[in-house]
Amino acid sequence: MYLKCHKIGDAQMLFDRMPEKDVVIYSAMIAGFSREGLVDKAKELFSEMRTMGVEPNMVSWNGMIAGFCNRGLHIEGLMLFQTMFSEGFRPDGSTVSCVLPAIGQLEDSVMGTQVHGYVNKQGIGSDKYVISALIDMYGKFSCALEMSKVFDESDQMEIGSCNAFLTGLSRNGLVDTALDIFRRFKAQGMELNVVTWTSMIASCSQNGKDLEALEFFREMQNEGLEPNSITIPSLIPACGNIAALMHGKAIHCFSIRKGILGDVYVGSALIDMYAKCGRIQLSRLCFDKMPTRNLVSWNAIMRGYAMHGKARETIEMFHMMQQSGQTPDVITFTCLLSACSQNGLTEEGWHYFTSMSREHGIEAKLEHYACMVTLLSRVGKLEEAYSIIKKMPIKPDACIWGALLSSCRVHHNLSLGEIAAKKLFQLEPDNPGNYVLLSNIYASKGMWSEVNRIRDVMKSMGLRKNPGCSWIELGRKVHMLLAGDKSHPQMKQILEKLDKLSIEMNKAGYHPDTKMVLQDVEEQDKAQILCGHSEKLAVVLGLLNTSPGQPLQVIKNLRICDDCHAVIKFISCFEGREIYVRDTNRFHHFKDGVCSCGEYW
DNA sequence: CTAGGGTTAG
């Protein structure tokens, strides 16, 4: 009874007072500790029972193996599985269903196939736990075919296997298929559970379907299902991705009501969400209030500060993290280096870059080199950045060359820009962004024939600039604005307002950037040029629908363009608004005509 | 027939 109520302490007290203990009582207690994640305690009992002359049976072994596998100690679990086998036990459905997820995690497909064979031989292939574990494993192996085969041969009304199948599909890039099948399940009147809904929410928020994730959340509650402490952190990233602050806050309140605010995953997800919504102070508040923190929480707050260009705070958190005894990982250093790179902190950047492997035993990865390239380029040391690329022990990828090319655009460096662009055209020939960047550099030098040449190349390859897209949350609704898309009901007002603003801007001595390169390259619809870029539209929509003085927040799927940057600086001053624009990788905080990025992005 | 064990969601 105590074990079933998760009162492990009470159970242990009773257990300790028992004079005579048999296999059953030992097994119950081992499983109890395993469920609570107290593997060491379980291990103690497992060896104690043998010294007390009680031989472990199947159930004792299974409890022990479950303990290891559920705690992420996959290798230990699998080793025990093999020991059990060699001691003459024949693992049953329980054992196998614990061991399969571990095999999937380790991507040991040889062992996976062996165990699948064993399952068939033993005739336990119709056990529902085994089936869902098999589906899960093949999903983790990226064996969509094997996975579907197991599912097709199973009872398709068994919710566990259906859930494993849906997750497996999304995991293998087949989100849309998963969505279709989910709808089919629902139409068939199948009893869906929290796991099903959570899985769909997670698939959406991990695959750019953020509005859909929010919709699923509402739908599951309409169906009378209670979201739990796994559902919530699966949903929160969706709010951050589209900077839906009001939705995010509502879910924050929901977590308080559900009493799950103390959960590390919930807390860490909130930190990340508030940071992405431009509210870094709220991130910090959530962080400070967390009862327990882990690596994810520390990385979340550091990433938040880095995203906001707050290098001092990022470094301060790093010191606090070390004082707290938390060991950093690769991501921690990415946060540190990206914070340094945005602020031109060359000395600190080099310090963390070198201490990373020397003091922390973490090898620098591509993203760390990319930060160093950005950092050195930012302070004008483009040649030094290039020499790092030439010397780095890993093959530079598109991120590295992209970092160099972007910096060359900022510094109008043609020779290195051409080198970087050439590499990028080989690495990712279909990415229109690279062509646009190089063309920007040519345009800044007035080399119009080169600009035209690139435009022709793009045209012949059928490449178009990715459509710019911006989001703004107004009241309870998230508006999406696509560059050149006139379908928004308030578009007429938006254009009128933009007109008025441009008159004011001209009066103030602002003239649109003559290097309107993108349009030169593109020659896209005149309409798009007239409407302006999506971030401009979103900002103006915000101006129209909020009261004066209220801050605005816009997010964009691409790098903000020079012209929009200049226009928004003007608006922040002229309209007296604080405007936050979240770019692909950082925040621009416009206030009184100045932007926090210091003109470098 | 027989106490005690398991899968799928972050």
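A, B, ... follow the sequence lines: proteins, then strands. Residue 1 opens every chain.
- At a cut-off of 3.5 angstrom, counting only N and O atoms as typed in the model, there is no donor on one side facing an acceptor on the other between the side-chain of A/N193 and the base of B/dA9.
- Contacts between residues 124-133 of chain A and DNA chain B, defined by a heavy-atom separation below 4.0 Å, involve A/D127, A/Y129, A/V130, A/S132, listed by number.
- Set against B/dG10, B/dG6, B/dA9, the side chain of A/V195 has B/dA9 as its closest nucleotide.
- Between A/M84 atom CE and B/dG6 atom P the separation is 14 Å, expressed in whole Å.
- In this structure, of B/dA9, B/dG6, B/dG4, it is B/dG6 that holds the atom nearest to the side chain of A/C98.
- In the set B/dG6, B/dA9, B/dT7, the nucleotide with an atom closest to the side chain of A/P101 is B/dT7.
- Ion pairing between A/D40 and A/R71 fails under the 4.0 Å rule for side-chain N and carboxylate O.
- For A/N70, no side-chain nitrogen or oxygen approaches OP1 or OP2 of B/dG6 to under 4.0 Å.
- Between the CG atom of A/L235 and the P atom of B/dG10 there is a distance of 13 Å, given to the nearest Å.
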Could you go through residues 74-83 of chain A and list every donor-acceptor pair under 3.5 Å that involves a side-chain atom there, pairing it with any protein atom two or more places apart or in another chain?
unit_1 : atom_1 : unit_2 : atom_2 : d
A/H74  : ND1    : A/G72  : O      : 3.4
A/T83  : OG1    : A/M79  : O      : 2.7

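- Electrostatic pairing of A/D136 and A/R171 counts as a salt bridge here, judged by a charged N lying under 4.0 Å from a carboxylate O.
- The existence of a salt bridge linking A/K128 and A/D155 is excluded, since no basic side-chain nitrogen approaches an acidic carboxylate oxygen closer than 4.0 Å.
- The CG atom of A/N228 sits 13 Å away from the P atom of B/dA9 (whole-angstrom rounding).
- Counting only heavy atoms from C-beta on, A/D22 has its side chain closest to B/dA3 among B/dG10, B/dA3, B/dG4.
- Side-chain to base pairing of A/S97 with B/dG6: one donor and one acceptor N or O lie within less than 3.5 Å of each other.
- In this structure, CD1 of A/I260 is placed 18 Å from P of B/dA9, rounded to the nearest angstrom.
- Checked for salt-bridge contact, A/R284 and A/E313 miss the test: no charged N lies under 4.0 Å from a carboxylate O.
- Residue-level contact check: A/G63 touches neither bases nor backbone, having no heavy atom under 4.0 Å from any strand.
- Closest contact between the side chain of A/T167 and the listed nucleotides B/dT7, B/dG4, B/dA9 involves B/dA9.
- For an aromatic pair to be called close, the ring centres must be under 6.0 Å apart, and A/W61 with A/F85 fails this.
- Across B/dG4, B/dG6, B/dT8, the shortest atom-to-atom separation from the side chain of A/A66 is found for B/dG6.
- A/N57 comes within 4.0 angstrom of a base, heavy atoms only.
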Contacts table for residues 111-122 of chain A: side-chain donor-acceptor under 3.5 angstrom, sequence neighbours left out:
unit_1 : atom_1 : unit_2 : atom_2 : d
A/T113 : OG1    : A/S109 : O      : 2.6
A/H116 : ND1    : A/Y138 : OH     : 2.6
A/Y118 : OH     : A/P91  : O      : 2.8

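- Contact annotation for A/S229: base contact, defined as any heavy-atom pair under 4.0 Å involving a base atom.
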